[in-house]
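Lettering of chains follows the sequences in order, A, B, ..., and the numbering in each one begins at 1.
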There are 2 protein chains.
Amino acid sequence: MKQQEVFKALADPTRRAILKRLQGGALSAGEIGAAFDITPASLSHHFAVLKHADLVRTERQGQYIVYSLNSTVMEDFTRMVLDLFPSIGSHGGKR
Amino acid sequence: MKQQEVFKALADPTRRAILKRLQGGALSAGEIGAAFDITPASLSHHFAVLKHADLVRTERQGQYIVYSLNSTVMEDFTRMVLDLFPSIGSHGGKR
DNA sequence: TCGATATTTAGGCAAACATCTAAATATCGC
DNA sequence: GCGATATTTAGATGTTTGCCTAAATATCGA
């Protein structure tokens, strides 16, 4: 995991909201963008950051490009946070 | 918890290293800074960011200013990450 | 193939950020 | 109180970030 890239990616509220939206399942760039008041170009920039951090995956489906979460990196990140903040480490555990 | 402030604070590797160092217990600004190759002024800036995010507490002890972790906010943050990335948590529900 | 739709890339700009030096503030030991 | 030590504040500088508009690329449907 590119730890630094992941932290930087998560530092922006729009990108966190994108990840939240993707929790319900894969969505095209346009479907994601409908919830945000920024231009498609700016959205695309955010997608690039998330992709560079390996937090999302893309797949072209015809006319659309579909984004989905990369749960592997997200799990790695969660574990890393638990390591940085071990006070809560007993919480829940792994599955 | 000031969620955005916490994410921004954690986006910098020096600040994450500071938090790591504090896991062993409270340390003065100088003791923390000994591990980093930046000026005391820059260190102080990082402390200010961490403090603004409520991740650390300060207490003057005579000549020194002693920093310690604020475990409450760190636990809140960890829970929030588990909520953002529910795949690993045992309690993915909202709060 | 043409025109419409979806998305990214390129280029530019203002705001935010990390760092530095210099100066200010606070406390200690003498 | 004075000088030394510890830390913060102020001001400046170069870099990064996030957003925009305009243009490019890819795919679809007729």
Bending between helix ends of the helix from dT1(C)-dA30(D) to dC30(C)-dG1(D) [5 pairs per end, 10° resolution]
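Roughly 30°, once rounded to the nearest ten degrees.
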So, taking the atom named [atom1] in [X] and the one named [atom2] in [Y], what distance separates them when rounded to the nearest 0.5 Å?
X	Y	atom1	atom2	value
D54(A)	D76(A)	CG	CG	9.5 Å
I32(A)	T14(A)	CD1	OG1	12.5 Å
M74(B)	T72(B)	CE	OG1	9.0 Å
E75(B)	T78(B)	CD	OG1	7.5 Å
D37(A)	S42(A)	CG	OG	10.5 Å
L84(A)	L10(B)	CG	CG	6.5 Å

L27(A) to L22(A) - nearest heavy-atom pair and separation:
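Minimum heavy-atom separation between L27(A) and L22(A): N-CD2, 3.8 Å.
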Could you work out, with ring-ring contact (aromatic ring centres under 6.0 Å, His included) as the rule, every residue matching F77(A), not counting sequence neighbours?
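Checked F77(A) against ring-ring contact (aromatic ring centres under 6.0 Å, His included); matches are F7(A), F85(B).
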Using heavy atoms to find the nearest nucleotide of DNA chain C for G62(B) and D37(B) separately, return the residue whose nucleotide is more 5′.
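Nearer the 5' end of the strand: D37(B).
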Please list, pair by pair, any protein nitrogen or oxygen found under 3.5 Å from a nitrogen or oxygen in nucleotides 21-25 of chain D.
none

What protein N or O atoms touch nucleotides 2-5 of chain D N or O atoms at under 3.5 angstrom, if any, and at what distances?
residue : atom : partner : partner atom : Å
dT5(D)  : O2   : Q63(B)  : NE2          : 3.4

Would you kindly give the [atom1]-to-[atom2] distance between [X] and [N], to the nearest whole Å?
X	N	atom1	atom2	result
E5(B)	dA16(C)	CD	P	12 Å
I65(A)	dT27(D)	CD1	P	9 Å
I38(B)	dC17(C)	CD1	C1'	13 Å
L10(B)	dA18(C)	CG	C1'	16 Å
L43(B)	dA6(D)	CG	P	13 Å

Within the 4.5 Å heavy-atom criterion, are D83(A) and K20(B) side-chain neighbours or not?
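Yes. Closest side-chain heavy atoms under 4.5 Å.
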For a 4.5 angstrom cut-off between non-hydrogen side-chain atoms, does L55(B) reach L69(B)?
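Heavy-atom side-chain distance check fails, nothing below 4.5 Å.
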Only counting residues at least two apart or in another chain, list the ones meeting side-chain hydrogen bond (donor to acceptor under 3.5 Å, both in side chains) with [X].
X	answer
R16(B)	Q4(A)
E31(A)	S28(A)
S44(B)	none

Is K8(A) salt-bridged to D12(B), cutoff N-O under 4.0 Å?
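Here K8(A) does not pair with D12(B) in a salt bridge, since their nearest N and O are not under 4.0 Å apart.
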Anything under 3.5 Å between a donor and an acceptor, one on a side chain of residues 56-67 of chain A, the other on a protein residue two or more places apart or in another chain? List them.
residue : atom : partner : partner atom : Å
T58(A)  : OG1  : K51(A)  : NZ           : 3.0
R60(A)  : NH1  : G62(A)  : O            : 2.9

Under a 4.0 Å heavy-atom criterion, the protein footprint on nucleotides 11-18 of chain D, written with B, S and -, is ------SS
Sub-4.0 Å heavy-atom contacts from residues 25-36 of chain A onto DNA chain D, ordered by number
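Contacts with DNA chain D under 4.0 Å: none.
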For dT8(C) and Y67(A) - does any side-chain N or O of the residue sit under 4.0 Å from the phosphate oxygens OP1/OP2?
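Indeed, a polar side-chain atom of Y67(A) lies that close.
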Go through the structure and list residues passing side chain to side chain contact (heavy atoms under 4.5 Å, CB included) with V49(B), not counting sequence neighbours.
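V49(B) satisfies side chain to side chain contact (heavy atoms under 4.5 Å, CB included) with A9(B), R15(B), H45(B) once adjacent residues are dropped.
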Proximity to DNA chain C (any heavy atom under 4.0 Å), residues of residues 54-61 of chain B only:
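Contacting residues: R60(B).
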